[in-house]
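Got a structure here, written out as structure tokens. Questions coming.
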Amino acid sequence: MKTPFLSSRSPLRAFTLVEILIVLALIAMLLFFTVPGLKDVLRGSKLTSTADQLVYDMGIARQTALKENVPVEFRFYKYRNPDARNEERFAAYQCYRLRQDLNKPSDYTAERIPVPVFEKVRFIPQGVVLVDSNQWSPVLTDEKMNQSRERVQGLVPGEMDTEALYYSFIINPEGETNLDRSGAKQWYLSLVTENEYQKAPNPAALRPGNFITLQIDPYTANMRRYQPN
């Protein structure tokens with residue numbers, strides 16, 4: 001008579017309810033201590049990526065001016081932003097080639113026609129703020145900047161166009177800008193996180209722990225980045 005086959009494997013042991021609850025409690029404790037730090041990392045990362053975007057796009061504007069031998073205007077748009085509690089903020093920008101009017105080829109005093117460099121308006125990502133104060137961003141506040149208002153397409157979802165104030169400067173075909181180059185004025189703009197911005201009663205009182213300042217060289221249109229350690 002054959003002996004029936006007996007498995008040498010031990011039966012599988014299931015987790016008890018108490019063990020599952022202990023594991024869940026440990027996971028909850030880890031999340032409690034790590035998530036606040038993770039948020040700070042993500043905010044810092046977004047701040048850095050926004051600065052990278054501005055530096056890159058400024059480089060594109062400069063290359064366009066040099067390569068196409070045409071002035072390029074860099075416009076920063078301030079408008080009512082639904083993502084920022086309907087506050088008016090500088091939250092978008094666009095670059096324009098200033099082309100000569102072909103209907104007036106010999107009239108160099110005729111107003112030039114703006115042709116967009118980027119296919120669409122470029123936005124400052126949600127959660128990052130361009131600080132609108134003379135202390136932090138003379139490029140966005142100085143009276144010597146080119147200033148005007150216009151209706152711009154694509155700024156606010158659901159609106160055909162949106163009225164916006166803009167401050168702008170021009171990059172000439174030689175690479176220099178029309179910003180004051182006397183050395184008496186420093187041209188820069190600063191970025192902070194939304195969280196830091198909301199802590200201050202007004203932009204002038206802002207004392208962020210983390211920020212990035214981009215300085216624009218008026219001779220070359222190159223950007224330098226400054227960031228606290």
Please determine whether residues Y77 and V156 belong to a single hydrophobic cluster, defined as Ile, Leu, Val, Met, Phe, Trp and Tyr linked transitively by side-chain heavy-atom distances below 4.5 Å.
yes
Start with the C-alpha gap between Y166 and Q94, add the side-chain angles, then the distance that decides, and say whether side chain to side chain donor-acceptor pair (under 3.5 Å) holds.
CA-CA 10 Å; Y166 71 78; Q94 175 62 287; over 6 Å; no
Kindly write out the residues that satisfy salt bridge (Lys or Arg N to Asp or Glu O under 4.0 Å) with D161, not counting sequence neighbours, or none if the list is empty.
R151
Rounded to the nearest 0.5 Å, the CZ atom of R97 sits from the CD1 atom of I113 at a distance of 13.5 Å
Can you find a pair of side-chain heavy atoms, one from L214 and one from L54, that are under 4.5 Å apart?
yes
Restricting to salt bridge (Lys or Arg N to Asp or Glu O under 4.0 Å), what partner residues turn up for R225, sequence neighbours left out?
D52
What's the verdict on salt bridge (Lys or Arg N to Asp or Glu O under 4.0 Å) for D217 and R224, showing C-alpha distance, side-chain angles and the deciding distance?
CA-CA 8 Å; D217 187 329; R224 277 186 173 183; over 6 Å; no
A quick test of your reading: do over 12 heavy atoms of other residues, nucleotides or ligands sit less than 6.0 Å from CZ of F118?
yes
Considering all heavy atoms of both residues, which atom of L47 and which atom of V192 are nearest to each other, and what is their separation?
CD1-C, 3.6 Å
Partner set under side-chain hydrogen bond (donor to acceptor under 3.5 Å, both in side chains) for Q215, not counting sequence neighbours
Q186, Y226
Run the salt-bridge test on R80 and E159 with the 4.0 Å N-O cut-off and return the result as yes or no.
yes
For the CD atom of E73 and the CG atom of L98, what is their distance to the nearest 0.5 Å?
5.5 Å
Under 4.5 Å between side-chain heavy atoms, counting indirect links through other Ile/Leu/Val/Met/Phe/Trp/Tyr residues: same cluster for L179 and Y219 or not?
no
Sequence neighbours excluded, which residues qualify as side-chain hydrogen bond (donor to acceptor under 3.5 Å, both in side chains) partners of E88?
none
Determine yes or no for a side-chain-to-main-chain donor-acceptor pair under 3.5 angstrom, with Q153 supplying the side chain and M160 the backbone.
no
Which heavy-atom pair separates Q135 from A204 by the least distance, and what is that distance?
OE1-O, 3.3 Å
Any donor-acceptor pair under 3.5 Å from T220 side chain to N222 backbone
yes
Do V131 and F211 belong to the same hydrophobic cluster, where Ile, Leu, Val, Met, Phe, Trp and Tyr are linked whenever their side-chain heavy atoms lie under 4.5 Å apart, directly or via other members?
yes
Is R75 close enough and on-axis enough to Y96, meaning under 6.0 Å and within 45°, for cation-pi?
yes
Atom pair CZ/CG of F123 and L155 - distance to nearest 0.5 Å:
5.5 Å
Does the pair E194/R89 count as a salt bridge with the N-to-O cut at 4.0 Å?
yes
Salt bridge or not for E68 and R99, using N-O below 4.0 Å?
yes
Do you know the tightest heavy-atom contact between A61 and I171?
CB-CD1, 3.9 Å
Give the cluster check for M58 versus L189: same hydrophobic cluster or not, with ILVMFWY residues linked at side-chain heavy-atom distances below 4.5 Å.
yes
Just grab all the side chain to side chain donor-acceptor pair (under 3.5 Å) pairs involving residues 172-181, residues at least two apart or on different chains.
D180-S182
Classify the side-chain pair E87/Y79 by whether it contains a donor and acceptor separated by less than 3.5 Å.
no
Looking only at heavy atoms, which two atoms of P228 and G209 are closest? And how far apart?
CG-O, 3.9 Å
Single-linkage hydrophobic cluster, 4.5 Å side-chain cutoff, V55 and V129 together:
no
Should the heavy atoms of other residues, nucleotides or ligands under 6.0 Å from NZ of K185 be counted, would the total exceed 12?
yes
Do D132 and K78 meet the salt-bridge criterion of a basic N to acidic O distance under 4.0 Å?
yes
Apply salt bridge (Lys or Arg N to Asp or Glu O under 4.0 Å) to E196 and list each qualifying residue two or more places apart in sequence or on a separate chain.
none
Answer whether the closest heavy-atom distance between the side chains of I170 and V72 falls below 4.5 Å.
no
Between C95 and P116, is there a side-chain heavy-atom distance shorter than 4.5 Å?
no
Nearest heavy-atom pair of S133 and P203: which atoms, and what distance?
CB-CB, 3.8 Å
Could you state the interatomic distance from CE (M223) to CH2 (W187), rounded to the nearest 0.5 Å?
13.0 Å
Can you tell me how far apart CZ (F90) and CZ (F76) are? Round to the nearest 0.5 Å.
9.0 Å
Output the distance between atom CD (Q198) and atom CG (L206), rounded to the nearest 0.5 Å.
10.5 Å
What do the steps show when you test V152 against T162 for side chain to side chain contact (heavy atoms under 4.5 Å, CB included), and what is the final call?
CA-CA 5 Å; V152 185; T162 304; 5.7 Å; no
Hey, is the main chain of S190 close enough, under 3.5 Å, to the side chain of S137 for a donor-acceptor pair?
yes
What's the shortest heavy-atom distance between S168 and M145, and which atoms?
O-CE, 3.4 Å
Testing L191, T213, N210 for side chain to side chain contact (heavy atoms under 4.5 Å, CB included) with Q227, which one passes?
N210
Just by distance, with hydrogens left out, do D142 and Y167 show a side-chain donor and acceptor under 3.5 Å apart?
no
Angle between ring planes, F74 versus F169, binned at 30° and 60°: parallel, tilted or perpendicular?
parallel
